[in-house]
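Please read the structure below before turning to the comments.
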Amino acid sequence: MLRLRDLWKMETFQSLLARRLSAALTALGVSQAGELTSATDPRFGDYQTNAALVLAKQRGENPRALAQSIIAVLDVGDVAEPPQVAGAGFINFRIKREAIVAKTRDLVGDEQLGVTPTTDPRKIVIDFGSPNVAKPMHVGHIRSTFLGDALARIAQFVGHDVIRDNHLGDWGTQFGMVIWGWKHLLDRDALARDSIAELVRLYKETNERAANDESVREAARAELVKLQSGDPENFAIWKQCVDLSMREFERAYELLGIKYDIVRGESFYNDRLAAVVERLLRAGIAEISEGAVCVFFRDVPDLADKPCIIRKRDGGYNYATSDIATVDYRVQDLQRDTIWIVTGAPQQLHFRQIFEIARREGDTADFRHITHGSILGEDRKLMKTRSGENVPLRDLLEEAISRAGRIVAEKNPDLREEERAHIAKVIGIGAVKYADLSQYRMTDYVFSWDKMLSLHGNTAPYLQNAYVRIRSIFRKLGHAFVAPEKIALAEAAEIQLAKKLCQFAEVVPQVLNDFRPNILGNYLFELANNFHAFYEECPVLKAAEPARSSRLLLCELTARVLGRGLDLLGIGVPEKM
RNA sequence: GUGCCUGUAGCUCAACCGGAUAGAGCUUCUGACUUCGGAUCAGAAGGUUGGGGGUUCGAAUCCCUCCAGGCACGCCA
């Protein structure tokens, strides 16, 4: 049975102070205003609120005086020192040492490390990655895949119901070329060796021939029409292409530790497209223009001259049609109330149109198009190989792993071969992922092996190393660590580290505000810094009790937060490195 | 032409919904070790937040305008 006075331990200091502030404002008979955030500077304590400033502005009063009257009715004595008015009218809070110590002790017993379930659980479908069949995965898929996976992990961790959907590009016009090539140019041995490479070759060679030969062009188009009208032979070829590609993708996902709940490619929506167009026409949302079926947005200034075509003049459907059908499926069949689509920024107009159409149909689901920037090469242009092609994901990951392997071999030559191989994988993949996720998603970034694999700075290896150092302490301890009932923290470095640990629960939900995993990365980096400062300042194993057990507990928690935090970004941790 | 995104220290990037003296890392410089993994820590230097207006107690953040780069704009996805 939970005792009442312990209730506060279950929520973050931030949330608790916000509730107390809210109660104080109510007691004063004024409206809720401002926000309660962590302090911008340690001088100002641990948390601050600008409520008095905002209220004073609304009411034309003196902000500092208002702050004083808020403090007079504010009841935070159980967790904080008496609040102070500062600056123009900020109210600053400093958390009591006992409160930090008690909460830190309690975190050890909490699987969630203080993160409480969201008060607004959603049924989310996340659409991310979405590679194209018969093409290799390449750098262009990295950001969507890593970002989507991290958001899915975080959303799940805070208590949302998440379905991860791989919306494969499996029904494009490229299949006319691929099928023609399959029938005329297929090399079975090559297909067995490297199926994707062979499929790419078929596409490219057919494309070249079609460029110079009208009859090939015609024949490829005819193959596409046959596929779309359900010709069994072409369908079988197409199916093989999809299966071979999927096998290849799954190898990459296996290496990357990425899982999907469902795979619904564009082809899945095929038999729903006609009905979508009919429905929109009947509802008067769509109309016929220049022979095509279009949706116009005449009442939306930005979109007024940007119609969305949902059936081409030749009667064919395009990706707008299938994306509308996809929305239907997600809302109706999957019963989702929230749809997150993670793609590059160029598709913004497209999804604005799709969401606008859904709204016109009365759809009230929460649609979010989560966009991201590009990965650039050293020349600051889109990252390509020397020959100007997209860099295959497989090559990139292999290089990451081998580079990580070389570094590990140099730093720690005593490791067994297979152990080193495992560590190289965790570090190499982690480095690539972290380089991506630690950056604001909208800005382009320059891909740099040296930076992402550096042991210094805000990198995965640095964070992993902090974890490894802690694991090393526990190996040296020689027996299982049992957390003491009470802990004692006295040193500044201990308190600072404990505070940081308590903030994990404040940071994780924040990521979903604007879909910014880089906030979590930043937090983990600060945590690792705080840990290293503590480690430098405070001996652990050599300390006398009760400091020794207390410090071991800090180490244990730090390792768990680092491990969990990285896990939420889809990144693993080794025991040694 | 219209719309969207980006512009922050020499370089790579942070700054959650408008908060206090804009923060890190890399680089450079100065200190601290026969350390529990120094793969570290402490400190210094480095800025007209692309330019210019505006809104207000307060702006990197919001509004207007200009500059630079990227992207998208009816039958590709």
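Basis for what follows: all heavy atoms, side chains included, without hydrogens, waters or symmetry-related copies. Letters A, B, ... are given to chains in the order of the sequence lines, protein chains preceding strands, and every chain is numbered from 1.
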_Any donor-acceptor pair, under 3.5 Å, between the side chain of Asn92(A) and the base of rA20(B), if you only look at N and O atoms?_
yes
*Could you check whether the rings of Tyr269(A) and His167(A) sit parallel, tilted or perpendicular, using 30° and 60° as the cut-offs?*
tilted
_Does Glu290(A) reach a base, just sugar-phosphate, or nothing at all? Heavy atoms under 4.0 Å._
base
*Determine the Euclidean distance between corresponding P atoms of rC26(B) and rG43(B); express it in Å to zero decimal places.*
14 Å
*Go through rG25(B), rC75(B), rA20(B) for me and flag the one nearest to the Phe44(A) side chain.*
rA20(B)
_Any N or O donor-acceptor pair under 3.5 Å from the base of rA24(B) to the side chain of Glu526(A)?_
no
*Just name whichever nucleotide pairs with rC71(B), Watson-Crick or G-U, keeping both distances under 3.5 Å, else none.*
rG3(B)
_Strictly distance-based, threshold 3.5 Å: is any side-chain N or O of Thr326(A) a donor or acceptor partner for the main-chain N or O of Ser322(A)?_
yes
*With C1' as the reference atom in both, quote the distance from rA77(B) to rC71(B) in angstrom, rounded to an integer.*
16 Å
*Considering heavy-atom distances to RNA chain B, does Arg43(A) or Asp314(A) have its closest nucleotide positioned more toward the 5' end?*
Arg43(A)
*asked:* Would rC17(B) be called syn or anti here, given the cut-off of 90° from 0?
replied: syn
*Expressed in whole Å, how much space separates the C1' atoms belonging to rU21(B) and rG53(B)?*
26 Å
_Aromatic contact between Phe515(A) and Trp340(A), with the criterion being ring centroids under 6.0 Å apart: yes or no?_
yes
*Now, which nucleotide makes the Watson-Crick or G-U wobble pair with rC17(B), with each of the two distances under 3.5 Å?*
none
*Base, sugar-phosphate, or nothing: which does Gln48(A) touch, judged by heavy atoms less than 4.0 Å apart?*
base
*Can you tell me how far C1' in rG47(B) sits from the matching atom in rA60(B), rounded to whole Å?*
12 Å
*Using only side-chain N and O atoms of His532(A), determine if any of them is under 4.0 Å from OP1 or OP2 of rU40(B).*
no
*Would you give a per-nucleotide map of nucleotides 11-18 of chain B, 5' to 3', where B means the base has a protein non-hydrogen atom under 4.0 Å away, S means only the sugar-phosphate does, and - means neither?*
-SSSSBB-
_Taking rU61(B) as the reference, what is the distance to rG7(B) when you measure between their P atoms (whole Å, please)?_
11 Å
*Could you pick out which residue, Trp171(A) or Lys542(A), lies toward the 5' side of RNA chain B when each is mapped onto its nearest nucleotide?*
Lys542(A)
*Between Asn458(A) and Ser438(A), do the side chains contain an N or O donor and an N or O acceptor separated by less than 3.5 Å?*
no
*Which part of the nucleic acid, if any, lies within contact of Lys476(A), taking any heavy atom under 4.0 Å across all strands shown: a base, the sugar-phosphate backbone alone, or nothing?*
sugar-phosphate
_Closest heavy-atom pair and its distance - Ala431(A), Met452(A)_ = CB-O, 3.5 Å
*asked:* When the P atoms of rG18(B) and rA59(B) are compared, how many Å lie between them, rounded to an integer?
replied: 14 Å
*asked:* Does the structure show a Watson-Crick or G-U wobble partner for rA44(B), both distances under 3.5 Å? Name it, or say none.
replied: rU28(B)
*Evaluate whether the aromatic ring of Phe90(A) and the six-membered ring of the rG19(B) base sit under 5.5 Å apart, centre to centre, with an inclination under 30°.*
no
*Ignoring backbone atoms, test whether His350(A) places a side-chain nitrogen or oxygen under 4.0 Å from the OP1 or OP2 oxygen of rC73(B).*
no
_Nearest to the side chain of Ala88(A), heavy atoms from C-beta on, is which of rU6(B), rA72(B), rC57(B)?_
rC57(B)
*Has the side chain of Arg380(A) got a donor or acceptor atom that lies under 3.5 Å from a matching backbone atom of Tyr445(A)?*
no
*Heavy atoms under 4.0 Å, any strand shown: does Ser289(A) hit a base, just sugar-phosphate, or nothing?*
base
*For Ala292(A), answer base if it contacts any base atom (sugar-phosphate contacts may also be present), sugar-phosphate if it contacts only those atoms, and nothing otherwise; contact means non-hydrogen atoms under 4.0 Å.*
base
_Could you check whether Arg264(A) pairs with Asp165(A) (Lys NZ or Arg NE/NH1/NH2 to Asp/Glu carboxylate O, under 4.0 Å)?_
no
*Using atom C1' of each nucleotide, how far apart are rG3(B) and rA44(B) to the nearest Å?*
47 Å
*Under 3.5 Å, side chain of Ser69(A) to main-chain N/O of Leu66(A), donor-acceptor pair present?*
yes
*Which class fits the ring pair Phe367(A) and Phe355(A): parallel under 30°, tilted 30 to 60°, perpendicular over 60°?*
parallel
_If you only use heavy atoms from C-beta on, which nucleotide in rU21(B), rA24(B), rG19(B) is closest to the side chain of Phe525(A)?_
rA24(B)
*Given the C1' atoms of rU27(B) and rC67(B), what is the spacing between them in whole Å?*
30 Å
